[in-house]
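Quick caveat, the model's predicted, so the values are computed rather than measured. Just so you know, residue 1 is the first one in the sequence shown, and it goes up from there.
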Amino acid sequence: IEKKVLPTVPEVLLKRRKRRIQSSWIRATKSTREGAASRARRMEAFKRAEKYATFYRQKAAHEVNLRRAARAAGRVRVPGEAKLAFVIRTKGINCMPPKAKKVMQLFRLRQINNGVFMRLNKPAINMMRIVEPYITFGY
């Protein structure tokens with residue numbers, strides 16, 4: 001009769017080691033893959049931001065050149081006005097005249113802190129003057 005020799009390391013520990021090594025390898029490959037993708041996204045975002053910055057820098061320089069040319073010719077350059085505004089309602093309904101209430105309805109500003117984008121034309125600007133105490137806007 002032969003004696004059966006038991007392994008020196010229990011099988012549970014061997015399985016646990018194997019599983020740990022396998023999961024760490026999977027985690028490492030996944031992190032390198034994600035890191036490369038993240039780097040690529042970051043580079044793309046940086047390039048996009050750089051493109052925007054150069055575009056607006058060129059636009060500002062062009063505006064300066066137009067102003068200088070107009071001054072050299074003895075004229076005055078009037079820059080173009082904004083065509084779009086973002087309007088936010090800042091005050092409530094208390095003590096608001098009926099005309100202002102109607103304008104707020106037309107602007108779709110029924111609650112405080114509601115905001116809408118508006119095309120700036122003559123009638124819209126006149127209506128904004130009526131409700132100016134109750135709104136805040138920017139271009």
Salt bridge (Lys or Arg N to Asp or Glu O under 4.0 Å) partners for E132, two or more places apart: none

Rounded distance (nearest 0.5 Å) linking atom CD of E34 with atom OG1 of T32: 9.0 Å

Pairwise distance CE(M43) to CD(E50) - rounded to 0.5 angstrom: 9.0 Å

Residue pairs fulfilling salt bridge (charged side-chain N to carboxylate O under 4.0 Å, His left out) with at least one residue in residues 69-88, sequence neighbours excluded: E63-R77

Could you work out, with side chain to side chain contact (heavy atoms under 4.5 Å, CB included) as the rule, every residue matching [X], not counting sequence neighbours?
X    : answer
R39  : A36, R42
R16  : V12, L13, R19, R20
R17  : V9, L14
N121 : P123, A124

Where at least one partner belongs to residues 85-114, residue pairs that pass side chain to side chain donor-acceptor pair (under 3.5 Å), sequence neighbours excluded: none

With sequence neighbours excluded, residues passing side-chain hydrogen bond (donor to acceptor under 3.5 Å, both in side chains) with R57: none

By side-chain hydrogen bond (donor to acceptor under 3.5 Å, both in side chains) - contacts of Q22 (at least two apart): none

Pairing residues for F117 by the ring-ring contact (aromatic ring centres under 6.0 Å, His included) criterion, not counting sequence neighbours: F86

Hydrophobic cluster partners of V64 (side-chain heavy atoms under 4.5 Å): none

ILVMFWY clustering at 4.5 Å (side-chain atoms), partners of L120: V87, M96, V103, M104, L106, F107, L109, V116, M118, I125, M127, M128, I130, V131, Y134, I135, F137, Y139

hydrophobic_cluster_shared for I88 and L84, side chain cutoff 4.5 Å: yes

